[in-house]
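Worksheet: the structure to be examined is printed underneath.
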Amino acid sequence: MNRFSKTSAITALLLALLIGVPAPLALAEKVTQPGATPPGESKSAKTKMLEAGAGLLQSNDPLQEFDVYLVGFHSMKDHPENQMEAHHYCHQVNEDFTQCALFDGNTKDANLNGIEYIISEKLFATLPKEEKKYWHLHNGEILSGQLIAPNIPDIAEKALMKEKMNSYGKTWHVWNTGFYKGTPADLLPQGNPMLGWSFSRDGEAMPGLVEKRDKTMDINTLEIQKKRYDLQKFANPQSGVDDLKGKFGRPFQDIPGVVDKKSMNNQSGGK
């Protein structure tokens, strides 16, 4: 079964180092600044002192395992033109379940604006029908090259993405910290949680959204897409591929290997 396995990714990373694939020096990340700055007074000397004491006397064990960094894009399912770059900091709980904290950047000032749970195809199959409408697919993100794991060698990143094929994510954004060319950022979290969704076709992302990320992080999504071409053979039909089909008002093109399970069932007469 295809699973998102941190262990296999680390193995690939070690292999990459053994065969001489260079790793980035000190894993220096390209900086992506947050989209909003919440109002409030600067930290007082007393607050800083309390933080220093807490750092010495309290543990942050629940956060220690959030050590997998992914960058992708989310569209809000109820308002598809509200789109954002999403920085995922994830904890691989077991071979079938991952939990991620979502931020609008990768600096110390980045804003926590959502959460995402990632489950394997096996666990998705156990969900009630009514629950499945909240879970977006990942094959489109992977095969398009949009989902990346920065700063690890190509061989390790590809191994990680292979393990993540056919998985699903349930994403809630609780703060609009800046939609790309869309609704301006809210200074504070407001309103109802927004269900995030993934792109299943080329052309669904707003023009310039992916390119902006690529320029900031010095990557090339189209080149990544080509390198992942051979992952198509691992792609199974997934639920939700057609949920937002035609809702973006732009020409789109199918991504090879990304197929809606419902369409496949209809073509086979439900068998």
Side-chain angles (χ1 to χ4, degrees), residues 1-19 21 23-24 27 29 64-74 86-102 106 115-127 132 134-171 196-200 213 217 219 221 223-241 255-261:
M1 172 175 293
N2 297 318
R3 297 169 179 165
F4 178 22
S5 169
K6 182 172 67 176
T7 301
S8 63
I10 293 174
T11 300
L13 173 58
L14 294 173
L15 175 61
L17 295 175
L18 286 172
I19 63 176
V21 177
L27 295 180
E29 291 179 350
Q64 292 293 330
E65 295 299 315
F66 283 76
D67 52 8
V68 177
Y69 175 40
L70 304 170
V71 183
F73 304 95
H74 290 151
H87 295 256
H88 306 55
Y89 291 86
C90 303
H91 169 206
Q92 185 74 36
V93 178
N94 58 47
E95 289 295 293
D96 295 285
F97 183 79
T98 306
Q99 50 192 11
C100 306
L102 304 180
N106 59 11
I115 58 172
E116 178 168 352
Y117 299 105
I118 299 173
I119 59 176
S120 66
E121 182 180 38
K122 180 179 73 173
L123 291 188
F124 181 78
T126 69
L127 297 176
K132 290 180 178 179
Y134 297 109
W135 295 79
H136 64 267
L137 65 146
H138 286 140
N139 285 357
E141 296 186 77
I142 296 169
L143 295 177
S144 68
Q146 291 178 3
L147 185 65
I148 62 170
N151 300 325
I152 62 176
D154 289 349
I155 189 173
E157 184 189 48
K158 191 170 182 179
L160 188 153
M161 293 300 163
K162 177 184 175 183
E163 298 296 334
K164 200 165 182 287
M165 289 290 294
N166 304 310
S167 64
Y168 291 84
K170 185 176 186 178
T171 296
W197 210 248
S198 58
F199 298 127
S200 297
R213 190 275 306 268
M217 304 198 79
I219 63 169
T221 294
E223 289 300 316
I224 296 173
Q225 182 179 24
K226 292 176 183 176
K227 292 177 181 178
R228 296 180 185 173
Y229 180 83
D230 60 338
L231 295 182
Q232 292 178 25
K233 61 179 175 287
F234 302 108
N236 296 329
Q238 289 198 285
S239 295
V241 173
I255 300 170
V258 182
V259 179
D260 191 277
K261 184 178 293 186

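Just so you know, residue 1 is the first one in the sequence shown, and it goes up from there.
- Panel note: side chain Gln238, backbone Ser167; a donor-acceptor pair is recorded below 3.5 Å.
- Using cut-offs of 30° and 60° on the angle between ring planes, the pair Tyr117 and Phe97 is parallel.
- The aromatic rings of Phe124 and Tyr168 lie parallel to each other, with less than 30° between the two planes, well short of the 60° mark.
- Side chains of Tyr69 and Asn106: a donor-acceptor N/O pair is present below 3.5 angstrom, by distance only.
- Taking OG1 of Thr98 as the reference point, atom NZ of Lys164 lies at 7.5 Å (rounded to 0.5 Å).
- In this structure the side chain of His136 reaches within 4.5 angstrom of the side chain of Glu141, judged on heavy atoms.
- Put simply, the side chain of Val259 does not reach to within 4.5 Å of the side chain of Val241, judged on heavy atoms.
- With hydrogens and angles disregarded, no donor-acceptor distance shorter than 3.5 Å links the side chain of Asn139 to the backbone of Val258.
- Under a cut-off of 6.0 angstrom, the local environment of CZ in Phe66 is crowded, with over 12 non-hydrogen atoms contributed by other residues, nucleotides or ligands.
- Counting only distance, with no hydrogens or angles, the side chain of Thr171 and the backbone of Glu116 share no donor-acceptor pair below 3.5 Å.
- Ion pairing of Glu95 with Lys122 is absent here, as no side-chain N (NZ or NE/NH1/NH2) approaches a carboxylate O to less than 4.0 Å.
- Met161 and Ala149 get closest at one heavy-atom pair: CE-N, 3.9 Å.
- Between the side chain of Lys158 and the backbone N or O of Lys227 there is at least one donor-acceptor pair closer than 3.5 Å.
- No side-chain heavy atom of Ile115 sits less than 4.5 Å from a side-chain heavy atom of Gln99.
- Side chain of Asn236 to backbone of Asn166: no donor-acceptor contact under 3.5 angstrom is found.
- Side-chain N/O atoms of Gln225 and Ser144 include no donor and acceptor closer than 3.5 Å.
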